[in-house]
Amino acid sequence: MILLDYIVNLSIFSLLVSVPLILRSFISHKPLKDLHLLGGIYAGIISVILVGLSFNEQGYSYDIRYAILILVFSYLGPGAGIITAIIALVTRLAISENWLPAIIGLLLILIAFTVIHKYCRQHKAVRKTAILYGVYCAIYIITVPIIFNVFRDSPIFHLQYILFVGLGVIVGSLLIESYERLIRIITEKKRMEKTLEESESKYRLIAENTSDLIAVMDRDRSLSYLSPSHELVLGYEVAKLQNMEVDFVIHPDEAEYFQAGMQRIFENNERMAMEFRLKHRGGHWIEFESRCMPVEGENGVIEHVVMISRDISERKKAEEFLLQSEKLSIVGELAAGVAHEIRNPLTTIKGFLQLYKSGNSQINALLLSELERIENITTEMLSLGKPQAIQMDTAKLTDIIENTVELLSPQANMNGIQFKLNFADGDFLISCEKNQIKQVFLNILKNAMEAMEKGGDIEISLKDNNEGECIVSFQDQGCGIPDEFLPRLGEPFYTLKEKGTGLGLMICHKIIKQHHGSIVYKSKIGEGTLIEITLPLLRQKIR
């Protein structure tokens, strides 16, 4: 009969503990420690119900109200525990005659629990519950069967009672921890959803109001997202633009380069910066610089590429202005050497004109040769200084290098510098704007000559790297460049010259980048500088 009474007590106890926890999961997610007053009162009500269900044994009343007291001290603290204890004690004294054991036992438990809670404040609730239950067992054994001599001859009865109180503590702890975990999961889920919603809102705000073009390309080369700025910049409706083929809006000269770049990103998982032209709805072309970033899927395969493109038309105009300024600077610096070179054939012409009456054919041939030489030099200077529209044509790199060397030879000879050409076998055909490539070579060779105050040799090599590219290298015997300065070469207004502007190498970098090439610098102090320019060969595009 006692066992049945305990089971009934335990079942009702479990139900009463669960009800507020379930309601709390729907109504309020406040931490339990913030509900100590209401929690203490409700726990006191549970104690009243448990006392009402208690059974009497020879004038003594037994129930598992101490299980709820242990849980209250563990989860809600001493304040709520004292409220629960007072309500439980009043109810207990109202239905039982043996007041002394109940009062003394409860006072000892309250004092012990309060002290333990103070020193175990940093422990987790489950651990505090175990400690308090152990202290309760010790106090019960000392006071009830030993001090008050209650059923001293029935240890099984006391053991059974302690076990049922412990079972109540375990069931209550499991219920509370389960619902606390549920609350944490619900709270974390709501927090994550709110954070995600705020994040999406911010990104949507940025994407829909930026002037940059933001696009997402899928693995099948379709565009799954286009920012509204496409409509503002390109004039097409976003829905219509998504249904277009990429080749329709990208410039024909750059379509293959763009597709090859996308292929590299999807296959090699590498970021890339590209420049290309897109067609406006009105028919004109707009130049863009795009940063392309790969996005991996769940299986580690690149599923998307995010492209952030910016209109660089105005920047291109500024660069073209700098380019023309640099050209004029080069023409001015070459003027002395060119004047010296022109004066020599003019002197020859002037001398032999005096002998013209002799009718010597060799003299006539020499005059024509010198005049042709003057014409070539002046033509080179005019083509360098004259603004021209960028037109990509097929050209032999060897011819461009030889023409550049011929233009610089007068100035080199005046400074005791010789050019040594070392070309590998091959045509070395590239697609380029010849004057721009020539300007790059002029800038590099002019810098090399300025670094060689005592004269010397400048070796110019040209070879194929067997990867569809060619490498043009310039090795001088100048003073060299310190290692710490090499990474900054090509930055605007960064120069090692006393009166330099730093724009020359910057323009060289931009030109080579427009031709899909690269520049590498190597240098040693006192030994000279090696500059290697890599350019794609035309046959790479034919494949």
Side-chain angles (χ1 to χ4, degrees), residues 250-261 273-277 285 287 289 312 315-317 319-324 326-327 330-331 376 379-408 419 421-447 460-474 490 503-520 531-543:
I250 198 165
H251 197 281
D253 294 344
E254 291 145 6
E256 188 173 350
Y257 164 68
F258 176 80
Q259 295 291 1
M274 293 190 288
E275 290 185 7
F276 47 78
R277 285 168 285 179
W285 298 94
E287 298 203 45
E289 181 182 56
I312 57 171
R315 195 181 81 188
K316 284 289 184 180
K317 291 179 182 178
E319 289 174 358
E320 183 64 25
F321 177 77
L322 288 175
L323 183 64
Q324 291 302 121
E326 187 66 19
K327 283 182 178 181
I330 293 174
V331 170
N376 288 338
T379 300
E380 290 294 339
M381 287 194 65
L382 288 173
S383 66
L384 181 63
K386 181 181 178 182
Q388 296 179 357
I390 297 176
Q391 181 65 42
M392 304 293 278
D393 296 315
T394 301
K396 292 182 68 173
L397 199 54
T398 52
D399 292 343
I400 298 176
I401 296 174
E402 289 172 350
N403 291 339
T404 306
V405 169
E406 182 180 356
L407 185 60
L408 286 172
F419 295 111
L421 304 182
N422 182 17
F423 297 161
D425 295 334
D427 293 334
F428 295 102
L429 296 176
I430 63 172
S431 178
C432 67
E433 207 292 315
K434 289 189 286 188
N435 282 328
Q436 286 193 346
I437 296 296
K438 187 180 295 183
Q439 181 176 352
V440 172
F441 295 160
L442 279 170
N443 270 311
I444 291 174
L445 289 173
K446 186 166 64 69
N447 289 340
I460 305 173
S461 302
L462 178 59
K463 62 182 179 180
D464 192 333
N465 67 355
N466 297 321
E467 295 181 3
E469 299 171 325
C470 63
I471 300 176
V472 189
S473 58
F474 302 86
L503 298 177
L505 282 181
M506 183 202 76
I507 292 173
C508 290
H509 277 257
K510 291 300 300 181
I511 292 173
I512 295 301
K513 183 179 179 182
Q514 288 172 354
H515 287 76
H516 313 308
S518 61
I519 302 181
V520 176
I531 300 177
E532 292 182 341
I533 297 178
T534 303
L535 290 169
L537 290 170
L538 191 61
R539 66 173 180 268
Q540 184 186 25
K541 295 185 178 182
I542 296 175
R543 290 177 181 174

[X] versus [Y]: any side-chain heavy-atom pair under 4.5 Å?
| X | Y | answer |
| --- | --- | --- |
| Ile400 | Cys432 | yes |
| Ile250 | Arg277 | no |
| Glu433 | Gln514 | no |

Go through it in stages, so that I can follow the logic: the residues are Ile519 and Glu532, the test is side-chain contact (heavy atoms from CB on, under 4.5 Å), and I'd like the CA-CA distance, side-chain angles, deciding distance and then a yes or no.
CA-CA 6 Å; Ile519 302 181; Glu532 292 182 341; over 6 Å; no
Partner of Ile460 under side-chain contact (heavy atoms from CB on, under 4.5 Å), picked from Asn422, Ile444, Val405, Thr404, is Val405
Separation of [Y] [atom2] from [X] [atom1] (nearest 0.5 Å):
| X | Y | atom1 | atom2 | value |
| --- | --- | --- | --- | --- |
| Leu445 | Ile401 | CG | CD1 | 9.0 Å |
| Asn403 | Lys434 | CG | NZ | 8.5 Å |
| Leu429 | Asp393 | CG | CG | 12.5 Å |
| Asn443 | Ile531 | CG | CD1 | 10.0 Å |
| Ile512 | Ile533 | CD1 | CD1 | 4.5 Å |
| Phe423 | Lys396 | CZ | NZ | 10.5 Å |

| said: Quick one: does any side-chain atom of His515 pair with a main-chain N or O of Gly517 as donor and acceptor, under 3.5 Å? | reply: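 Not a single qualifying donor-acceptor pair exists.
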- Message: Parallel, tilted or perpendicular, judged at 30° and 60°: which one describes the rings of Phe276 and Phe258?
- Response: perpendicular
How close do [X] and [Y] get, heavy atom to heavy atom, and via which atoms?
| X | Y | result |
| --- | --- | --- |
| Asn465 | Cys470 | OD1-N, 4.4 Å |
| Pro536 | His516 | CD-O, 3.5 Å |
| Asp464 | Glu469 | OD1-O, 3.0 Å |
| Ile430 | Leu397 | CD1-CD1, 3.6 Å |

Exercise for review: Check whether more than 12 heavy atoms from other residues, nucleotides or ligands sit under 6.0 Å from atom CG of Asp425, and answer yes or no.
Suggested key: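 No, the 6.0 Å shell around CG holds no more than 12 heavy atoms from other groups.
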Derivation and outcome, side-chain contact (heavy atoms from CB on, under 4.5 Å), residues Trp285 and Glu254 | CA-CA 12 Å; Trp285 298 94; Glu254 291 145 6; over 6 Å; no
request  = Begin with the C-alpha distance, continue with both residues' side-chain angles, and end with the deciding distance and a verdict on side-chain contact (heavy atoms from CB on, under 4.5 Å) for Phe428 and Val472.
outcome  = CA-CA 10 Å; Phe428 295 102; Val472 189; over 6 Å; no
Could you tell me whether Glu275 and Lys510 have a side-chain N and a carboxylate O separated by less than 4.0 Å?
->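 The answer is yes: the pair qualifies as a salt bridge.
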